[in-house]
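Index from 1, following the sequence. The figures that follow rest on heavy atoms only: side chains count, while hydrogens, waters and symmetry mates do not.
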Amino acid sequence: MRETRSSVGLHVNGRRYDLDVDHRVTLLDLLREHLGLTGAKKGCDHGQCGACTVLVGGRRANSCLLLAVAHDGARVTTVEGLGGDGTDALHPLQEAFIERDAFQCGYCTPGQLCSAAGLLAEAAADPGSSDLSRSGIAEAMSGNLCRCGAYPRIVDAVRDVAALAQADAPDQVSGDGRVGA
């Protein structure tokens, strides 16, 4: 008889988890059902809505499409871990979403936040490749759907945090909102 379970070790929000999971378990289901981290949502279950977006190795990923066993040893950040250091501190994006009222029903918000955090990390890692203008952010976030239509406020919130980052590194930003020299 073939083995249908494997041991998986993941670092989720800075904490190590060792689990025995069925080979068919997605990363999303592992987070929600095995670890009780329900921030990432199951929307379409086909990678088309972005509600399940988390950061895997610092990059945006649709967790509904990833098999947990294929990510043994990965570092995963969910919306619950965006603030870091295990406190209740909010990430600047979470603060900006609140300030800008960038959510209505809130279902897509965890995925939007993780996607935005990934976008800003990508911009910081490769400044010449990122367009942080309104249209650039909207394009980069286009994989995250919002049924309530909060897009303008979501873009405003991401721009606010991008502006804070740019203020910390003014030589990295050109006048058109693109990051880079």
Side-chain angles (χ1 to χ4, degrees), residues 3-84 86-98 100-122 137-155 157-158 161:
E3 189 65 36
T4 61
R5 301 182 70 80
S6 290
S7 295
V8 173
L10 295 170
H11 300 271
V12 181
N13 299 331
R15 184 173 168 202
R16 171 85 182 182
Y17 293 91
D18 292 301
L19 302 146
D20 183 55
V21 297
D22 186 288
H23 292 164
R24 299 165 291 184
V25 170
T26 64
L27 181 58
L28 175 62
D29 288 339
L30 181 139
L31 293 169
R32 291 181 59 81
E33 297 172 17
H34 296 264
L35 301 182
L37 298 170
T38 57
K41 303 295 187 241
K42 187 175 281 203
C44 66
D45 221 12
H46 296 288
Q48 296 175 344
C49 72
C52 67
T53 303
V54 297
L55 301 173
V56 178
R59 308 236 354 130
R60 301 180 275 176
N62 291 331
S63 61
C64 72
L65 297 178
L66 305 177
L67 291 175
V69 295
H71 289 81
D72 187 34
R75 296 196 178 279
V76 178
T77 303
T78 68
V79 70
E80 293 94 342
L82 279 183
T87 67
D88 288 333
L90 296 178
H91 186 278
L93 280 165
Q94 292 167 312
E95 292 175 354
F97 269 58
I98 293 168
R100 289 289 190 166
D101 196 22
F103 48 87
Q104 286 183 32
C105 79
Y107 196 82
C108 73
T109 305
Q112 297 277 2
L113 286 163
C114 285
S115 186
L119 168 62
L120 295 176
E122 292 161 16
I137 291 170
E139 175 67 25
M141 298 281 295
S142 65
N144 291 82
L145 303 180
C146 174
R147 292 181 182 170
C148 301
Y151 296 116
R153 293 183 305 272
I154 291 168
V155 170
V158 176
V161 176

- Hey, mind stepping through L55 and R60 against side-chain contact (heavy atoms from CB on, under 4.5 Å) and telling me if it holds? CA-CA 5 Å; L55 301 173; R60 301 180 275 176; 4.1 Å; yes
Do side-chain atoms of [X] reach the backbone of [Y] as a donor and acceptor pair under 3.5 angstrom?
| X | Y | result |
| --- | --- | --- |
| R32 | A40 | yes |
| Q112 | N144 | yes |
| R5 | D20 | yes |
| E80 | G39 | yes |
| Y151 | C146 | yes |

- Message: For R16, I'd like to know if atom CZ has over 12 heavy atoms of other residues, nucleotides or ligands within 6.0 Å.
- Response: yes
- Query: Would one find more than 12 heavy atoms of other residues, nucleotides or ligands at under 6.0 Å from atom CD of E139?
  - Reply: no
For a 4.5 angstrom cut-off between non-hydrogen side-chain atoms, does [X] reach [Y]?
| X | Y | answer |
| --- | --- | --- |
| L67 | H23 | no |
| E122 | R59 | yes |
| L82 | L93 | no |
| L19 | L35 | yes |
| H71 | L66 | yes |
| H46 | N62 | no |

- Note on the structure: Interatomic distance, CZ@R153 vs CZ@R100, rounded to 0.5 Å, equals 10.5 Å
- Task: Any chance you could measure D22, atom CG, to L30, atom CG, to the nearest 0.5 Å?
- Result: 11.5 Å
Kindly give the heavy-atom pair with the smallest separation between [X] and [Y], and that separation in Å.
| X | Y | answer |
| --- | --- | --- |
| S63 | T26 | O-CB, 3.9 Å |
| G111 | T53 | O-CB, 3.7 Å |
| L145 | Q48 | CD1-O, 3.8 Å |
| V158 | F97 | CG2-CE1, 4.4 Å |
| Y107 | A51 | CE2-CB, 4.2 Å |
| L65 | G47 | CD1-CA, 3.7 Å |

- Message: Under a 3.5 Å cutoff, is there a donor and acceptor pairing between the side chains of T78 and N13?
- Response: yes
- Candidate pair V12 and V54, rule side-chain contact (heavy atoms from CB on, under 4.5 Å), full reasoning: CA-CA 10 Å; V12 181; V54 297; over 6 Å; no
- Worked check of side-chain contact (heavy atoms from CB on, under 4.5 Å) between V25 and V8: CA-CA 11 Å; V25 170; V8 173; over 6 Å; no
- Mind running side-chain contact (heavy atoms from CB on, under 4.5 Å) on M141 and V155 for me, showing each step along the way? CA-CA 9 Å; M141 298 281 295; V155 170; over 6 Å; no
